[in-house]
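Predicted model, so just to flag it, every value in this text is computed and none were measured. Both backbone and side-chain heavy atoms feed into the values below; hydrogens, waters and symmetry mates do not.
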Amino acid sequence: MSDRPFSLFISSRMKELVEERRAVQEAVAAYQMFGWLWERDAGARPESVRETYLRQVENCDLYIGLF
């Protein structure tokens, strides 16, 4: 078993559901899980938005899509 926290990729359309993504992040933090949020975690990167997004989805344990 790994010592790293369970990680989640929390997703929705960029300009929609911002508050809902943050609420999910806060809820999972109480369970010592890490929710990756684009607006908080992406930062400046040399690769494209698509490459960044797909790499982070692949590295997370669970994908949560908000619709």
Side-chain angles (χ1 to χ4, degrees):
M1 182 168 182
S2 173
D3 287 340
R4 77 174 178 86
F6 192 77
S7 63
L8 306 132
F9 189 94
I10 304 166
S11 177
S12 71
R13 294 191 66 169
M14 277 305 279
K15 295 186 180 188
E16 298 173 3
L17 304 174
V18 173
E19 293 304 314
E20 289 81 355
R21 286 195 309 273
R22 289 183 184 144
V24 170
Q25 167 59 39
E26 289 175 19
V28 301
Y31 296 97
Q32 299 179 344
M33 296 181 205
F34 172 74
W36 196 90
L37 297 173
W38 180 270
E39 57 270 17
R40 186 195 65 203
D41 300 313
R45 295 172 184 243
E47 64 264 358
S48 72
V49 169
R50 179 181 171 87
E51 290 171 325
T52 299
Y53 185 93
L54 292 175
R55 179 175 294 120
Q56 293 305 320
V57 168
E58 185 176 309
N59 289 334
C60 285
D61 297 308
L62 182 66
Y63 176 90
I64 298 176
L66 305 177
F67 299 92

Linking I/L/V/M/F/W/Y whenever their side-chain heavy atoms sit closer than 4.5 Å, directly or via other members, would Val18 and Val28 fall into one cluster? no
Salt bridge (Lys or Arg N to Asp or Glu O under 4.0 Å) contacts in which one or both residues fall within residues 18-35, not counting sequence neighbours: Glu19-Arg22, Arg21-Glu39
Check whether any side-chain N or O of Ser7 sits under 3.5 Å from a backbone N or O of Asp61 as a donor-acceptor pair, and report yes or no. yes
With hydrophobic residues grouped by side-chain heavy-atom distances under 4.5 Å, do Val24 and Phe67 end up in a single group? no
Tyr53 vs Phe9 aromatic rings, parallel, tilted or perpendicular, using cut-offs 30° and 60°? perpendicular
Using every non-hydrogen atom in the two residues, find where Ile64 and Leu8 come nearest and quote the distance to one decimal. CD1-CD2, 3.5 Å
I need the full list of salt bridge (Lys or Arg N to Asp or Glu O under 4.0 Å) pairs touching residues 48-58, with sequence neighbours left out, sorted by first then second residue. Glu47-Arg55
